[in-house]
Novice: 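The structure is given below, and queries will be raised subsequently.
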Amino acid sequence: AQSVSQHNHHVILSEAASLELGCNYSYGGTVNLFWYVQYPGQHLQLLLKYFSGDPLVKGIKGFEAEFIKSKFSFNLRKPSVQWSDTAEYFCAVTSGTYKYIFGTGTRLKVLA
Amino acid sequence: KAGVTQTPRYLIKTRGQQVTLSCSPISGHRSVSWYQQTPGQGLQFLFEYFSETQRNKGNFPGRFSGRQFSNSRSEMNVSTLELGDSALYLCASSARGPNLNTGELFFGEGSRLTVL
């Protein structure tokens with residue numbers, strides 16, 4: 001069965017620190033990968049997505065993610081976080097079955 | 001353009017009761033999917049509908065059911081509620097077509113169910 005693993009459940013950073021959130025999936029075929037973000041009190045929204053092509057994708061608010069097929073990974077990065085990045089981040093994968101598989105989420109707290 | 005609307009936003013039920021949650025997708029979106037969100041479990045896929053047909057379902061007991069109407073609005077029902085059903089139930093709509101299984105999900109704010 002497909003699964004998505006997010007290794008960091010809680011991350012605390014100071015403003016201007018660099019961020020990398022890990023995401024690994026288990027599926028051998030063609031996948032589409034996503035990162036969604038849930039800011040406090042708001043609904044989930046798309047941060048970035050990978051379908052094909054350049055494995056380094058850029059999303060909103062300075063976020064980027066790199067798809068490494070050989071490692072089954074799609075890690076999220078941001079060079080310098082801001083207090084407003086405090087949120088919960090979810091990695092998700094979909095592949096030909098009309099359903100998304102989400103990771104358990106990573107709660108990021110950025111200290112001002 | 002209005003977003004995904006879920007009702008009710010909050011509800012409290014007791015064990016053994018049943019509950020029906022409603023979701024109105026973004027206008028023009030024909031795909032609606034449902035997820036259960038709990039702390040530590042993330043989002044668990046319940047089912048996905050397209051043009052009134054359930055195309056896939058997750059690993060939930062038969063107490064969880066859903067349907068989609070001709071106007072793409074969707075409902076999910078949970079019968080014989082258990083304490084463990086307490087969760088945030090999220091609906092998402094997508095512009096996915098009949099043969100397209102990818103596409104951005106647009107989420108509603110969810111219905112928070114508490115079972116006592």
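Since we're looking at a predicted model, the values are computed, not measured. In what follows, chains are A, B, ... by sequence order, proteins preceding strands, each numbered from 1.
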Novice: How far apart are the closest heavy atoms of Gln37(B) and Glu88(A), and which atoms are they?
Specialist: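 Scanning both residues, the minimum pair turns out to be NE2-OE1, 4.3 Å.
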Novice: For the residue pair Glu104(B) and Gln45(A), confirm or rule out a side-chain donor-acceptor distance under 3.5 Å.
Specialist: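 Distance-only check fails for Glu104(B) and Gln45(A).
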Novice: In Å and rounded to the nearest 0.5 Å, what is the NE2 to CG distance from His43(A) to Leu88(B)?
Specialist: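 With rounding to 0.5 Å, NE2 (His43(A)) is 12.5 Å from CG (Leu88(B)).
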Novice: Would a single hydrophobic cluster contain both Leu83(B) and Leu11(B), if residues Ile, Leu, Val, Met, Phe, Trp and Tyr are joined by side-chain heavy-atom contacts under 4.5 Å?
Specialist: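 Same cluster.
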Novice: Tell me whether Ile60(A) shares a hydrophobic cluster with Phe63(A), the cluster being built from Ile, Leu, Val, Met, Phe, Trp, Tyr side chains joined at under 4.5 Å.
Specialist: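 Yes: a chain of side-chain contacts under 4.5 Å links Ile60(A) to Phe63(A).
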Novice: By a 4.5 Å heavy-atom criterion (distance strictly below it), what part of Gln6(A) contacts chain B: side chain, backbone, both, or neither?
Specialist: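 Contact with chain B: none, neither part.
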Novice: Only one of Thr104(A), Leu44(A), Ile101(A) clears side chain to side chain contact (heavy atoms under 4.5 Å, CB included) with Leu43(B); which?
Specialist: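 Checked Thr104(A), Leu44(A), Ile101(A) against Leu43(B); only one passes side chain to side chain contact (heavy atoms under 4.5 Å, CB included): Leu44(A).
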Novice: Is there a path of hydrophobic side-chain contacts, each under 4.5 Å between heavy atoms of I, L, V, M, F, W or Y residues, that connects Val81(A) with Tyr39(A)?
Specialist: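 Yes, Val81(A) and Tyr39(A) fall within the same hydrophobic cluster.
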Novice: Measuring centre to centre across the rings, with the benzene-like ring taken for any Trp, is Tyr36(A) within less than 6.0 Å of Phe107(B)?
Specialist: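 Between Phe107(B) and Tyr36(A), which both carry aromatic rings, the centre distance is below 6.0 Å.
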Novice: Count the heavy atoms belonging to other residues, nucleotides or ligands that lie under 6.0 Å from CZ of Arg15(B), then report whether that count exceeds 12.
Specialist: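 It does not: Arg15(B) CZ has 12 such atoms or fewer within range.
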Novice: Is it the case that the ring center of Tyr100(A) lies less than 6.0 angstrom away from the ring center of Phe45(B)?
Specialist: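 No; Tyr100(A) has its ring centre 6.0 Å or more from that of Phe45(B).
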Novice: So which part of Gln41(B) gets closer than 4.5 Å to some heavy atom of chain A, the side chain, the backbone, both or neither?
Specialist: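 Answer is backbone: N, CA, C or O of Gln41(B) sit under 4.5 Å from chain A.
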Novice: Look at the side-chain heavy atoms of Ile, Leu, Val, Met, Phe, Trp and Tyr, link any pair under 4.5 Å apart, and say whether Phe51(A) and Phe90(A) land in one connected group.
Specialist: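 Yes; Phe90(A) is reachable from Phe51(A) via cluster members.
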Novice: Can you tell me if Leu56(A) has over 12 outside heavy atoms packed within less than 6.0 Å of its CG?
Specialist: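 Yes, CG of Leu56(A) has more than 12 neighbouring heavy atoms, counting only those of other groups under 6.0 Å.
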